[in-house]
Protein chains: 2
Amino acid sequence: MSDDTETSDDTGTGRDLMAIFERNEMPDTFRISFLANSLVLPVYDEIKREYDLSRGEYLLLFCLSNMTELTAQDVAQMTGRPRNSISRAVHRMLRDGYLTRSPDSEDGRQVLLRITPAGQKLHKQIVPKFAERQGALLGALTGDERQKLDQLLSKLVLATTL
Amino acid sequence: MSDDTETSDDTGTGRDLMAIFERNEMPDTFRISFLANSLVLPVYDEIKREYDLSRGEYLLLFCLSNMTELTAQDVAQMTGRPRNSISRAVHRMLRDGYLTRSPDSEDGRQVLLRITPAGQKLHKQIVPKFAERQGALLGALTGDERQKLDQLLSKLVLATTL
DNA sequence: ATATTATTGTTCCATTTGGAACAATGTTGC
DNA sequence: GCAACATTGTTCCAAATGGAACAATAATAT
């Protein structure tokens with residue numbers, strides 16, 4: 001009889017890569033980080049190939065598609081990316097007609113960004129890709145578990161000082 | 001009476017950035033991604049400043065500190081980063097004495113990586129930074145909630161085909 | 001009022017990144 | 001046995017990235 005006490009070993013080399021999730025000193029951080037990668041990286045690759053949008057560019061589109069009006073700084077805070085990256089993404093997306101820019105009359109430093117119908121259309125094409133990936137991964141949970149996860153994530157996110 | 005029906009508005013501009021977490025079409029993906037950023041980005045910045053290690057370099061150290069023996073390909077799979085990035089990180093870390101390399105006698109293509117005592121020592125200095133950040137964020141949960149979160153994350157991660 | 005400090009968005013530039021092609025080794029199918 | 005294909009790790013190079021300095025505007029202090 002063969003040894004199948006191991007949890008998983010896709011390498012066929014005796015190294016069980018999944019074991020690291022149980023062993024390490026910051027299991028939640030590592031698992032959340034890994035899950036985030038697993039959720040978004042394949043989709044970003046797809047978006048890059050099909051629409052030639054970088055991660056930062058898509059994140060900008062995503063934020064604006066849900067928020068009606070944002071400054072570049074807002075987007076930087078929401079996405080954790082540096083301001084200059086957002087700035088570049090804004091110019092690229094402006095050029096391609098996915099968003100508009102209007103100076104804020106109340107604060108001359110700020111510029112308010114809004115998504116255009118073309119941007120919304122693009123976003124609508126992309127969202128299902130994320131939804132599909134999310135469904136595939138979260139499908140491992142029962143309805144109750146999923147609800148509980150939502151609740152916990154929501155609480156955690158709200159606890160974060162943006 | 002003032003309008004305080006809003007959930008949170010740190011901008012003072014009437015834009016509630018946290019609202020995006022409730023509104024978007026893939027709330028779990030976005031929340032997990034945001035949490036991952038929030039957990040690791042500040043720590044990676046610190047590691048960069050204090051030890052001049054890039055994210056990829058530290059991830060390599062982290063994987064090896066928990067796994068005794070890995071190939072570059074293993075690390076690429078675990079971290080979601082391209083093989084060439086790992087390759088670079090390996091050479092950098094070899095040069096600095098944080099790991100060793102030995103050809104696999106059973107497969108001439110592979111090279112087995114192991115952490116050195118110096119690497120372990122470095123890792124031990126860094127781990128508390130992640131632990132602290134994790135504690136700060138997860139502190140928002142009760143003990144029960146935290147346990148449930150662990151359980152759900154574990155299930156999700158195991159469902160991922162590495 | 002005015003000096004000081006802070007914030008926003010941008011540009012510059014050195015560094016990092018990751019796709020593609022490659023050589024070396026393994027595996028599979030016939 | 002050997003041809004076709006797959007996998008590992010590396011190098012090359014174009015593109016993305018992010019820190020730092022900057023100009024413009026705003027907020028704060030005196």
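Within every chain, numbering begins at 1; the chains are lettered A, B, ... in the order of the sequence lines, protein sequences first and strands thereafter.
Ion pairing of A:D28 with B:R146 is present here, as a side-chain N (NZ or NE/NH1/NH2) and a carboxylate O approach within less than 4.0 Å. Ion pairing between a basic and an acidic side chain is recognised when a charged N comes within 4.0 Å of a carboxylate O; A:R88 and A:E57 show no such pairing. Ion pairing between a basic and an acidic side chain is recognised when a charged N comes within 4.0 Å of a carboxylate O; A:R92 and A:D52 show such pairing.
Within 4.0 Å (heavy atoms only), A:R101 reaches sugar-phosphate atoms of the nucleic acid but no base atom. Nucleic acid contact for B:V90: none, since no nucleic acid atom lies under 4.0 Å from a heavy atom of the residue.
When the C1' atom of D:dA16 is taken as reference, atom CG of A:L60 falls 16 Å away, rounded to whole Å. Rounded to an integer number of Å, the gap from CG of A:L94 to C1' of C:dG9 is 13 Å. Straight-line distance from the NZ atom of A:K48 to the C1' atom of D:dA16: 7 Å, rounded to whole Å. Between the CD atom of A:Q110 and the C1' atom of C:dT10 there is a distance of 15 Å, rounded to whole Å. Rounded to whole Å, atom P of D:dG9 lies 11 Å from atom CG of B:L70. Regarding B:R55, its CZ atom lies at a distance of 13 Å from the P atom of D:dT17, rounded to whole Å. The CG-P distance, from A:N37 to C:dT17, rounds to 14 Å in whole Å. Rounded to a whole Å, the CD atom of B:Q73 is 18 Å from the P atom of C:dT25.
A distance of 4.5 Å separates CZ of A:R31 from OG of B:S154, quoted to the nearest 0.5 Å.
Hydrophobic cluster membership differs between B:I86 and B:V111, with clusters built from Ile, Leu, Val, Met, Phe, Trp and Tyr side chains linked at under 4.5 angstrom.
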Between N or O atoms, less than 3.5 Å apart, protein on one side and nucleotides 18-20 of chain C on the other: list the pairs.
| unit_1 | atom_1 | unit_2 | atom_2 | d |
| --- | --- | --- | --- | --- |
| C:dG18 | OP2 | B:S85 | OG | 3.2 |
| C:dG18 | N7 | B:N84 | ND2 | 3.3 |
| C:dG18 | N7 | B:R88 | NH2 | 3.0 |
| C:dG18 | O6 | B:R88 | NH1 | 3.2 |
| C:dG19 | N7 | B:N84 | ND2 | 3.0 |
| C:dG19 | O6 | B:N84 | ND2 | 2.2 |

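Other residues, nucleotides and ligands contribute at most 12 non-hydrogen atoms within 6.0 Å of the NZ atom of B:K121.
The base of C:dG26 does not come close enough to the side chain of B:R109 for any donor and acceptor atom to sit less than 3.5 Å apart.
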Report task. Go through B:F130 and B:Y58 one step at a time and tell me if the ring pair (Phe, Tyr, Trp, His ring centres under 6.0 Å) criterion holds. Result -> CA-CA 12 Å; B:F130 282 101; B:Y58 177 68; 5.4 Å; yes
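Checking D:dT17, D:dT10, C:dT25 against every side-chain atom of B:D107, the shortest atom distance belongs to C:dT25.
Phosphate contact (OP1/OP2 of C:dG9, side-chain N/O of A:S87, threshold under 4.0 Å): absent.
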